[in-house]
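First comes the structure, then the notes that go with it.
The residues of the chain are indexed from 1 along the displayed sequence.
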Amino acid sequence: MVTTTPQTQNNPISRVLIVGNYCHDVLLQGGAVVAETLGGAASFISNVFSGLSVSFHLTSKVGLDFKYPLNYNPIVVPASKTTVFHAYFDLGYSENAHLDRVLKRVEACDPINPSDLPDKRFDFGMAVGVGGEILPETLEKMVEICDAVFVDIQALIRVFEKNGTVKLVELKESGFYHLLPRVKFIKASSEEALFMDVEEVRQWCCVVVTHGKDGCEVYWKDGEMKFGPFGANQIDPTGAGDSFLGGFVGGLVHGLVVPDAALLGNFFGSLTVAQIGLPRFDLRLLQRVKDEVQRRKLHCTCCFERRDDKLNFTKPPGHEEFHASLASTKLVSTCSIQECQRDLPRSPRTVEQVIRPQYNGQPKLLLNSVFDEPI
(Lines give C-alpha, C1' and ligand atoms only; values in the text may rest on other atoms or scores of the structure.)
Protein backbone atom coordinates (compact mmCIF):
# COMPACT_ATOMS: atom_id res chain seq x y z
CA MET A 1 0.00 0.00 0.00
CA VAL A 2 1.22 3.49 -0.81
CA THR A 3 0.04 6.99 -0.05
CA THR A 4 1.08 9.72 -2.46
CA THR A 5 1.21 13.43 -1.77
CA PRO A 6 0.23 16.33 -4.02
CA GLN A 7 2.98 17.69 -6.24
CA THR A 8 1.81 21.27 -5.79
CA GLN A 9 0.57 23.26 -2.84
CA ASN A 10 -1.82 25.50 -4.77
CA ASN A 11 -4.99 23.58 -3.95
CA PRO A 12 -6.10 21.49 -0.99
CA ILE A 13 -6.67 18.02 -2.45
CA SER A 14 -9.00 15.48 -0.87
CA ARG A 15 -7.73 11.97 -0.35
CA VAL A 16 -8.83 9.07 -2.57
CA LEU A 17 -8.67 5.34 -1.88
CA ILE A 18 -8.06 3.18 -4.98
CA VAL A 19 -8.74 -0.56 -4.56
CA GLY A 20 -7.88 -3.02 -7.34
CA ASN A 21 -5.05 -5.35 -8.33
CA TYR A 22 -2.38 -4.72 -10.90
CA CYS A 23 -2.04 -7.49 -13.46
CA HIS A 24 -0.04 -8.73 -16.44
CA ASP A 25 -1.87 -8.51 -19.77
CA VAL A 26 -0.88 -10.79 -22.65
CA LEU A 27 -2.37 -10.33 -26.13
CA LEU A 28 -2.39 -13.25 -28.55
CA GLN A 29 -3.21 -13.63 -32.23
CA GLY A 30 -2.72 -16.67 -34.41
CA GLY A 31 -1.41 -18.62 -31.45
CA ALA A 32 1.47 -16.17 -30.88
CA VAL A 33 2.05 -13.56 -28.19
CA VAL A 34 2.01 -10.12 -29.81
CA ALA A 35 1.95 -7.89 -26.73
CA GLU A 36 2.67 -7.89 -23.01
CA THR A 37 1.94 -4.92 -20.77
CA LEU A 38 1.06 -3.73 -17.29
CA GLY A 39 -2.67 -4.10 -16.74
CA GLY A 40 -5.31 -3.29 -14.20
CA ALA A 41 -7.53 -0.24 -13.84
CA ALA A 42 -5.46 0.96 -10.89
CA SER A 43 -2.47 1.64 -13.16
CA PHE A 44 -4.40 3.99 -15.47
CA ILE A 45 -6.30 5.76 -12.69
CA SER A 46 -3.19 6.39 -10.58
CA ASN A 47 -1.45 7.71 -13.70
CA VAL A 48 -4.18 10.33 -14.19
CA PHE A 49 -4.21 11.21 -10.49
CA SER A 50 -0.47 11.80 -10.56
CA GLY A 51 -0.93 14.13 -13.51
CA LEU A 52 -3.65 16.07 -11.70
CA SER A 53 -1.71 16.22 -8.40
CA VAL A 54 -4.38 14.25 -6.55
CA SER A 55 -3.26 12.54 -3.36
CA PHE A 56 -4.31 8.88 -3.22
CA HIS A 57 -3.82 5.68 -1.28
CA LEU A 58 -3.50 2.52 -3.36
CA THR A 59 -4.44 -0.96 -2.16
CA SER A 60 -3.38 -3.57 -4.71
CA LYS A 61 -1.94 -7.10 -4.57
CA VAL A 62 0.60 -8.86 -6.79
CA GLY A 63 2.84 -11.92 -6.56
CA LEU A 64 6.61 -12.16 -6.39
CA ASP A 65 6.58 -12.57 -10.18
CA PHE A 66 5.31 -9.01 -10.73
CA LYS A 67 7.56 -7.64 -13.48
CA TYR A 68 6.95 -3.88 -13.59
CA PRO A 69 8.80 -1.46 -11.25
CA LEU A 70 6.31 1.22 -10.18
CA ASN A 71 6.27 4.49 -8.33
CA TYR A 72 3.38 3.16 -6.24
CA ASN A 73 4.24 -0.24 -4.83
CA PRO A 74 1.48 -2.84 -4.37
CA ILE A 75 1.20 -5.44 -1.60
CA VAL A 76 3.38 -8.42 -2.57
CA VAL A 77 1.89 -11.80 -1.63
CA PRO A 78 4.78 -14.31 -1.56
CA ALA A 79 2.55 -17.37 -1.86
CA SER A 80 0.54 -16.03 -4.80
CA LYS A 81 1.16 -15.16 -8.43
CA THR A 82 0.25 -11.88 -10.09
CA THR A 83 -3.11 -11.87 -11.88
CA VAL A 84 -2.60 -12.62 -15.58
CA PHE A 85 -5.08 -12.14 -18.41
CA HIS A 86 -4.76 -13.57 -21.92
CA ALA A 87 -6.74 -11.84 -24.65
CA TYR A 88 -7.38 -13.92 -27.79
CA PHE A 89 -8.26 -11.81 -30.82
CA ASP A 90 -8.87 -14.61 -33.30
CA LEU A 91 -11.36 -16.90 -31.53
CA GLY A 92 -14.45 -15.29 -33.02
CA TYR A 93 -17.38 -13.76 -31.22
CA SER A 94 -17.92 -14.60 -27.58
CA GLU A 95 -20.92 -14.36 -25.31
CA ASN A 96 -19.40 -12.07 -22.72
CA ALA A 97 -20.12 -8.68 -24.36
CA HIS A 98 -16.50 -8.37 -25.54
CA LEU A 99 -17.35 -9.22 -29.13
CA ASP A 100 -13.87 -8.51 -30.46
CA ARG A 101 -11.94 -10.84 -28.18
CA VAL A 102 -12.06 -13.72 -25.73
CA LEU A 103 -10.55 -13.00 -22.32
CA LYS A 104 -9.08 -15.65 -20.06
CA ARG A 105 -7.78 -15.17 -16.55
CA VAL A 106 -4.90 -17.64 -16.36
CA GLU A 107 -3.58 -16.58 -12.95
CA ALA A 108 -5.38 -14.91 -10.05
CA CYS A 109 -3.71 -13.12 -7.17
CA ASP A 110 -5.29 -13.13 -3.74
CA PRO A 111 -8.48 -11.10 -3.29
CA ILE A 112 -8.40 -7.81 -1.41
CA ASN A 113 -9.91 -8.32 2.03
CA PRO A 114 -11.45 -5.69 4.32
CA SER A 115 -8.43 -6.08 6.61
CA ASP A 116 -6.16 -4.97 3.74
CA LEU A 117 -7.78 -1.53 3.65
CA PRO A 118 -6.27 1.32 5.70
CA ASP A 119 -7.82 2.16 9.03
CA LYS A 120 -8.71 5.77 8.23
CA ARG A 121 -11.32 7.79 6.37
CA PHE A 122 -11.25 9.03 2.79
CA ASP A 123 -13.35 11.54 0.91
CA PHE A 124 -13.55 9.26 -2.14
CA GLY A 125 -13.15 5.53 -2.70
CA MET A 126 -12.78 3.67 -6.00
CA ALA A 127 -13.52 -0.06 -6.34
CA VAL A 128 -11.83 -0.92 -9.65
CA GLY A 129 -11.06 -4.63 -9.64
CA VAL A 130 -10.53 -6.53 -12.90
CA GLY A 131 -10.05 -10.15 -11.84
CA GLY A 132 -12.63 -10.76 -9.14
CA GLU A 133 -10.43 -9.39 -6.36
CA ILE A 134 -13.11 -7.09 -4.92
CA LEU A 135 -15.25 -8.98 -2.40
CA PRO A 136 -18.72 -7.86 -1.25
CA GLU A 137 -17.38 -7.44 2.28
CA THR A 138 -14.50 -5.33 0.94
CA LEU A 139 -16.87 -3.00 -0.89
CA GLU A 140 -18.96 -2.79 2.27
CA LYS A 141 -15.88 -1.73 4.22
CA MET A 142 -15.14 0.88 1.56
CA VAL A 143 -18.56 2.50 1.90
CA GLU A 144 -17.97 2.65 5.65
CA ILE A 145 -14.64 4.47 5.45
CA CYS A 146 -15.23 6.60 2.32
CA ASP A 147 -17.70 9.47 2.02
CA ALA A 148 -18.39 8.70 -1.66
CA VAL A 149 -17.62 5.40 -3.40
CA PHE A 150 -17.23 5.00 -7.17
CA VAL A 151 -17.47 1.49 -8.63
CA ASP A 152 -16.47 0.14 -12.03
CA ILE A 153 -19.13 -2.44 -12.88
CA GLN A 154 -16.53 -4.90 -14.20
CA ALA A 155 -15.36 -5.32 -10.60
CA LEU A 156 -18.83 -6.67 -9.77
CA ILE A 157 -20.12 -8.65 -12.74
CA ARG A 158 -17.09 -10.55 -14.05
CA VAL A 159 -17.08 -14.30 -13.40
CA PHE A 160 -14.65 -16.92 -14.60
CA GLU A 161 -15.22 -20.36 -16.08
CA LYS A 162 -13.03 -23.36 -15.21
CA ASN A 163 -10.70 -22.56 -18.10
CA GLY A 164 -10.51 -18.92 -17.01
CA THR A 165 -12.75 -17.46 -19.72
CA VAL A 166 -14.33 -14.19 -18.59
CA LYS A 167 -18.11 -13.98 -18.56
CA LEU A 168 -20.41 -11.20 -17.44
CA VAL A 169 -23.45 -11.81 -15.26
CA GLU A 170 -26.45 -9.65 -14.48
CA LEU A 171 -25.72 -7.10 -11.77
CA LYS A 172 -28.61 -8.51 -9.72
CA GLU A 173 -26.83 -11.89 -9.66
CA SER A 174 -23.43 -10.49 -8.69
CA GLY A 175 -23.74 -10.52 -4.91
CA PHE A 176 -23.19 -6.76 -4.76
CA TYR A 177 -26.66 -5.53 -5.65
CA HIS A 178 -27.72 -4.86 -2.06
CA LEU A 179 -24.85 -2.38 -1.68
CA LEU A 180 -25.90 -0.09 -4.55
CA PRO A 181 -27.92 2.30 -2.32
CA ARG A 182 -24.68 2.99 -0.44
CA VAL A 183 -22.61 3.59 -3.59
CA LYS A 184 -22.39 7.09 -5.09
CA PHE A 185 -21.54 6.23 -8.74
CA ILE A 186 -21.33 3.10 -10.86
CA LYS A 187 -19.49 3.32 -14.18
CA ALA A 188 -20.02 0.97 -17.14
CA SER A 189 -19.18 0.84 -20.82
CA SER A 190 -22.12 0.78 -23.21
CA GLU A 191 -21.65 -3.00 -23.56
CA GLU A 192 -21.48 -3.61 -19.81
CA ALA A 193 -24.53 -1.43 -19.21
CA LEU A 194 -26.61 -4.15 -20.89
CA PHE A 195 -26.10 -6.25 -17.76
CA MET A 196 -28.00 -3.90 -15.46
CA ASP A 197 -31.34 -2.13 -15.47
CA VAL A 198 -30.16 1.47 -15.71
CA GLU A 199 -33.62 2.83 -14.93
CA GLU A 200 -33.73 0.83 -11.71
CA VAL A 201 -30.14 1.36 -10.63
CA ARG A 202 -30.33 5.14 -11.12
CA GLN A 203 -32.94 5.27 -8.34
CA TRP A 204 -30.24 4.27 -5.85
CA CYS A 205 -26.98 5.61 -7.26
CA CYS A 206 -25.70 7.63 -10.18
CA VAL A 207 -24.87 5.70 -13.35
CA VAL A 208 -22.13 6.76 -15.80
CA VAL A 209 -22.10 5.04 -19.20
CA THR A 210 -19.15 5.64 -21.49
CA HIS A 211 -19.56 5.55 -25.27
CA GLY A 212 -15.98 5.83 -26.48
CA LYS A 213 -15.69 8.40 -29.27
CA ASP A 214 -19.27 9.56 -28.57
CA GLY A 215 -18.57 10.80 -25.05
CA CYS A 216 -20.57 9.69 -22.02
CA GLU A 217 -23.95 9.87 -20.32
CA VAL A 218 -24.72 10.40 -16.65
CA TYR A 219 -28.00 9.17 -15.16
CA TRP A 220 -29.31 10.07 -11.74
CA LYS A 221 -32.66 9.76 -10.02
CA ASP A 222 -34.09 13.00 -11.32
CA GLY A 223 -32.45 13.34 -14.71
CA GLU A 224 -29.82 12.43 -17.26
CA MET A 225 -27.31 14.30 -19.37
CA LYS A 226 -24.92 13.67 -22.26
CA PHE A 227 -21.42 15.10 -22.41
CA GLY A 228 -19.47 15.59 -25.60
CA PRO A 229 -16.21 13.89 -26.55
CA PHE A 230 -12.83 15.28 -27.50
CA GLY A 231 -11.25 14.58 -30.85
CA ALA A 232 -8.42 12.07 -30.84
CA ASN A 233 -6.26 10.12 -33.24
CA GLN A 234 -7.03 6.68 -31.83
CA ILE A 235 -3.99 4.43 -31.64
CA ASP A 236 -4.80 2.11 -28.74
CA PRO A 237 -8.05 2.45 -26.78
CA THR A 238 -6.95 0.19 -23.92
CA GLY A 239 -7.55 1.85 -20.56
CA ALA A 240 -9.61 4.73 -21.92
CA GLY A 241 -12.48 3.90 -19.57
CA ASP A 242 -10.12 3.81 -16.59
CA SER A 243 -8.55 7.14 -17.53
CA PHE A 244 -12.05 8.54 -17.92
CA LEU A 245 -12.90 7.46 -14.39
CA GLY A 246 -9.64 8.93 -13.11
CA GLY A 247 -10.34 12.26 -14.77
CA PHE A 248 -13.96 12.25 -13.61
CA VAL A 249 -13.15 11.59 -9.96
CA GLY A 250 -10.11 13.86 -10.16
CA GLY A 251 -12.40 16.68 -11.30
CA LEU A 252 -14.72 16.13 -8.35
CA VAL A 253 -11.75 16.06 -5.98
CA HIS A 254 -10.66 19.43 -7.36
CA GLY A 255 -14.15 20.83 -6.75
CA LEU A 256 -15.88 20.65 -10.13
CA VAL A 257 -19.58 19.94 -10.50
CA VAL A 258 -20.56 16.64 -12.13
CA PRO A 259 -21.03 18.03 -15.69
CA ASP A 260 -17.60 19.66 -15.72
CA ALA A 261 -15.98 16.59 -14.11
CA ALA A 262 -17.52 14.42 -16.86
CA LEU A 263 -15.80 16.60 -19.45
CA LEU A 264 -12.49 16.15 -17.66
CA GLY A 265 -13.07 12.39 -17.74
CA ASN A 266 -13.75 12.48 -21.49
CA PHE A 267 -10.63 14.58 -21.94
CA PHE A 268 -8.29 12.09 -20.26
CA GLY A 269 -9.95 9.22 -22.09
CA SER A 270 -9.12 10.96 -25.37
CA LEU A 271 -5.49 11.45 -24.33
CA THR A 272 -5.18 7.77 -23.49
CA VAL A 273 -6.39 6.40 -26.84
CA ALA A 274 -3.77 8.49 -28.67
CA GLN A 275 -0.88 6.50 -27.20
CA ILE A 276 0.06 2.85 -26.77
CA GLY A 277 -0.49 1.38 -23.32
CA LEU A 278 -0.13 3.53 -20.22
CA PRO A 279 -0.07 7.11 -21.58
CA ARG A 280 2.70 9.62 -21.04
CA PHE A 281 1.19 13.06 -20.44
CA ASP A 282 2.94 16.21 -21.59
CA LEU A 283 3.88 18.26 -18.50
CA ARG A 284 2.91 21.54 -20.16
CA LEU A 285 -0.48 20.11 -21.04
CA LEU A 286 -1.04 18.91 -17.46
CA GLN A 287 -0.21 22.32 -16.05
CA ARG A 288 -2.60 24.02 -18.45
CA VAL A 289 -5.33 21.55 -17.56
CA LYS A 290 -4.85 22.18 -13.84
CA ASP A 291 -4.90 25.92 -14.46
CA GLU A 292 -8.15 25.58 -16.44
CA VAL A 293 -9.70 23.46 -13.70
CA GLN A 294 -8.74 25.99 -11.04
CA ARG A 295 -10.13 28.88 -13.09
CA ARG A 296 -13.31 26.91 -13.69
CA LYS A 297 -13.74 26.26 -9.99
CA LEU A 298 -13.21 29.93 -9.12
CA HIS A 299 -15.51 31.09 -11.92
CA CYS A 300 -18.35 28.85 -10.80
CA THR A 301 -18.89 29.48 -7.11
CA CYS A 302 -21.43 26.66 -6.91
CA CYS A 303 -18.94 24.02 -8.03
CA PHE A 304 -19.29 20.72 -6.16
CA GLU A 305 -21.48 21.92 -3.35
CA ARG A 306 -22.63 19.15 -1.08
CA ARG A 307 -26.14 19.64 0.17
CA ASP A 308 -27.49 16.82 2.27
CA ASP A 309 -24.71 14.61 0.85
CA LYS A 310 -25.86 15.25 -2.73
CA LEU A 311 -23.72 16.11 -5.72
CA ASN A 312 -24.45 19.06 -7.98
CA PHE A 313 -25.67 17.95 -11.42
CA THR A 314 -26.57 21.42 -12.68
CA LYS A 315 -24.76 22.34 -15.88
CA PRO A 316 -23.30 25.73 -14.94
CA PRO A 317 -22.84 28.73 -17.23
CA GLY A 318 -19.67 28.47 -19.26
CA HIS A 319 -19.76 24.67 -19.54
CA GLU A 320 -19.25 24.73 -23.31
CA GLU A 321 -16.45 27.25 -22.93
CA PHE A 322 -14.76 24.89 -20.46
CA HIS A 323 -15.04 22.13 -23.06
CA ALA A 324 -13.39 24.38 -25.65
CA SER A 325 -10.65 25.42 -23.22
CA LEU A 326 -9.76 21.80 -22.47
CA ALA A 327 -9.73 21.00 -26.18
CA SER A 328 -7.32 23.86 -26.81
CA THR A 329 -4.86 22.56 -24.20
CA LYS A 330 -4.25 19.48 -26.35
CA LEU A 331 -2.56 21.68 -28.95
CA VAL A 332 0.49 22.16 -26.71
CA SER A 333 1.39 18.48 -26.94
CA THR A 334 0.21 17.68 -30.47
CA CYS A 335 3.71 17.89 -31.92
CA SER A 336 5.32 15.73 -29.23
CA ILE A 337 2.62 13.08 -29.52
CA GLN A 338 2.93 13.04 -33.29
CA GLU A 339 6.68 12.62 -32.96
CA CYS A 340 6.17 9.80 -30.47
CA GLN A 341 3.72 8.01 -32.76
CA ARG A 342 5.39 8.78 -36.11
CA ASP A 343 7.16 5.45 -36.27
CA LEU A 344 4.59 3.28 -34.49
CA PRO A 345 4.69 -0.42 -35.41
CA ARG A 346 2.48 -1.17 -38.37
CA SER A 347 2.65 -4.92 -37.91
CA PRO A 348 2.15 -7.17 -34.86
CA ARG A 349 5.64 -8.50 -35.63
CA THR A 350 7.25 -5.10 -35.14
CA VAL A 351 8.60 -4.29 -31.69
CA GLU A 352 9.10 -0.75 -30.44
CA GLN A 353 9.58 0.28 -26.86
CA VAL A 354 7.44 3.14 -25.57
CA ILE A 355 8.53 5.07 -22.51
CA ARG A 356 5.83 5.09 -19.85
CA PRO A 357 5.46 7.17 -16.70
CA GLN A 358 5.08 4.38 -14.13
CA TYR A 359 7.18 1.47 -15.27
CA ASN A 360 10.19 0.60 -17.40
CA GLY A 361 9.22 -2.97 -18.16
CA GLN A 362 8.67 -4.81 -21.38
CA PRO A 363 7.22 -2.99 -24.38
CA LYS A 364 3.67 -3.34 -25.54
CA LEU A 365 2.96 -3.97 -29.19
CA LEU A 366 0.04 -2.61 -31.18
CA LEU A 367 -2.63 -5.10 -32.20
CA ASN A 368 -4.85 -3.41 -34.75
CA SER A 369 -6.61 -1.31 -32.09
CA VAL A 370 -9.64 -3.56 -31.84
CA PHE A 371 -10.37 -3.42 -28.11
CA ASP A 372 -11.92 -0.59 -26.12
CA GLU A 373 -11.84 -1.71 -22.51
CA PRO A 374 -8.98 -2.60 -20.14
CA ILE A 375 -8.19 -6.28 -19.93
Side-chain angles (χ1 to χ4, degrees), residues 20 39-41 44-45 85 87-89 91-105 126-134 136 139 149-161 163-181 183-229 234 237-245 248 258 262 265-266 269 272-273 369-375:
F44 287 89
I45 292 171
F85 279 97
Y88 298 85
F89 288 86
L91 295 184
Y93 288 89
S94 65
E95 298 177 356
N96 65 351
H98 295 279
L99 300 179
D100 52 10
R101 61 183 176 171
V102 172
L103 290 181
K104 291 186 178 181
R105 186 188 65 178
M126 302 180 72
V128 291
V130 294
E133 66 268 28
I134 305 291
L139 181 57
V149 173
F150 298 72
V151 178
D152 192 322
I153 196 173
Q154 69 178 354
L156 313 184
I157 66 173
R158 280 188 173 184
V159 295
F160 307 91
E161 297 184 339
N163 67 353
T165 299
V166 177
K167 297 289 185 181
L168 303 182
V169 299
E170 292 290 335
L171 184 57
K172 285 186 176 181
E173 302 172 4
S174 66
F176 294 88
Y177 203 70
H178 66 288
L179 294 172
L180 292 184
V183 168
K184 186 67 69 174
F185 280 86
I186 185 167
K187 174 259 175 189
S189 68
S190 55
E191 293 83 9
E192 293 166 337
L194 300 175
F195 291 82
M196 67 173 163
D197 185 339
V198 174
E199 292 302 317
E200 183 175 351
V201 174
R202 70 193 290 185
Q203 302 303 313
W204 297 318
C205 66
C206 306
V207 178
V208 181
V209 179
T210 58
H211 297 285
K213 63 181 179 60
D214 296 318
C216 70
E217 291 181 272
V218 177
Y219 302 84
W220 64 100
K221 185 176 182 179
D222 301 319
E224 60 190 72
M225 198 174 297
K226 295 183 179 181
F227 302 99
Q234 181 167 295
T238 303
D242 299 323
S243 293
F244 165 87
L245 192 56
F248 180 65
V258 171
N266 285 345
T272 299
V273 302
S369 298
V370 294
F371 48 96
D372 59 5
E373 286 299 314
I375 292 176

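Note: L180 CG to K172 NZ = 10.5 Å, rounded to the nearest 0.5 Å. In this structure, C216 SG and F227 CZ are separated by 6.5 Å, a value rounded to the nearest 0.5 Å. The SG atom of C206 lies 11.5 Å from the NZ atom of K221; values are rounded to the nearest 0.5 Å. Atom CD of E192 and atom CG of D152 lie 6.0 Å apart (nearest 0.5 Å). The line from CD1 of I186 to CZ of F150 is 12.5 Å long, rounded to the nearest 0.5 Å. Rounding to the nearest 0.5 Å places CG of L168 at 4.5 Å from CD1 of I157.
Contact detail for Y88 and K104: the closest heavy-atom pair is CE1-CD, 3.7 Å. Here the shortest heavy-atom pairing between A193 and A188 reads N-CB, 4.0 Å. The two atoms that bring E173 and V169 nearest to each other are OE1-CB, 4.2 Å, heavy atoms only. Across every non-hydrogen atom of S243 and T272, the tightest pair is OG-OG1, 2.7 Å. Scanning all heavy atoms of the two residues, the minimum distance from P136 to L179 falls at O-CD1, 3.6 Å.
For the pair V128/D242, no side-chain contact is recorded, criterion being any heavy-atom separation below 4.5 Å from C-beta on.
Between the side chain of N266 and the main chain of G228, a donor-acceptor pair closer than 3.5 Å is present. Judged purely by atom type and a 3.5 angstrom limit, R158 has no side-chain atom pairing as donor or acceptor with the backbone of G131.
Partners of F244 by ring pair (Phe, Tyr, Trp, His ring centres under 6.0 Å), not counting sequence neighbours, listed by chain and number: F248. With sequence neighbours excluded, the residues that form a salt bridge (Lys or Arg N to Asp or Glu O under 4.0 Å) with E224 are R202.
A side-chain donor-acceptor contact under 3.5 Å links Y177 and E200.
Of the options V151, I153, T210, V207, a side chain to side chain contact (heavy atoms under 4.5 Å, CB included) to K187 is made by T210 and by none of the others.
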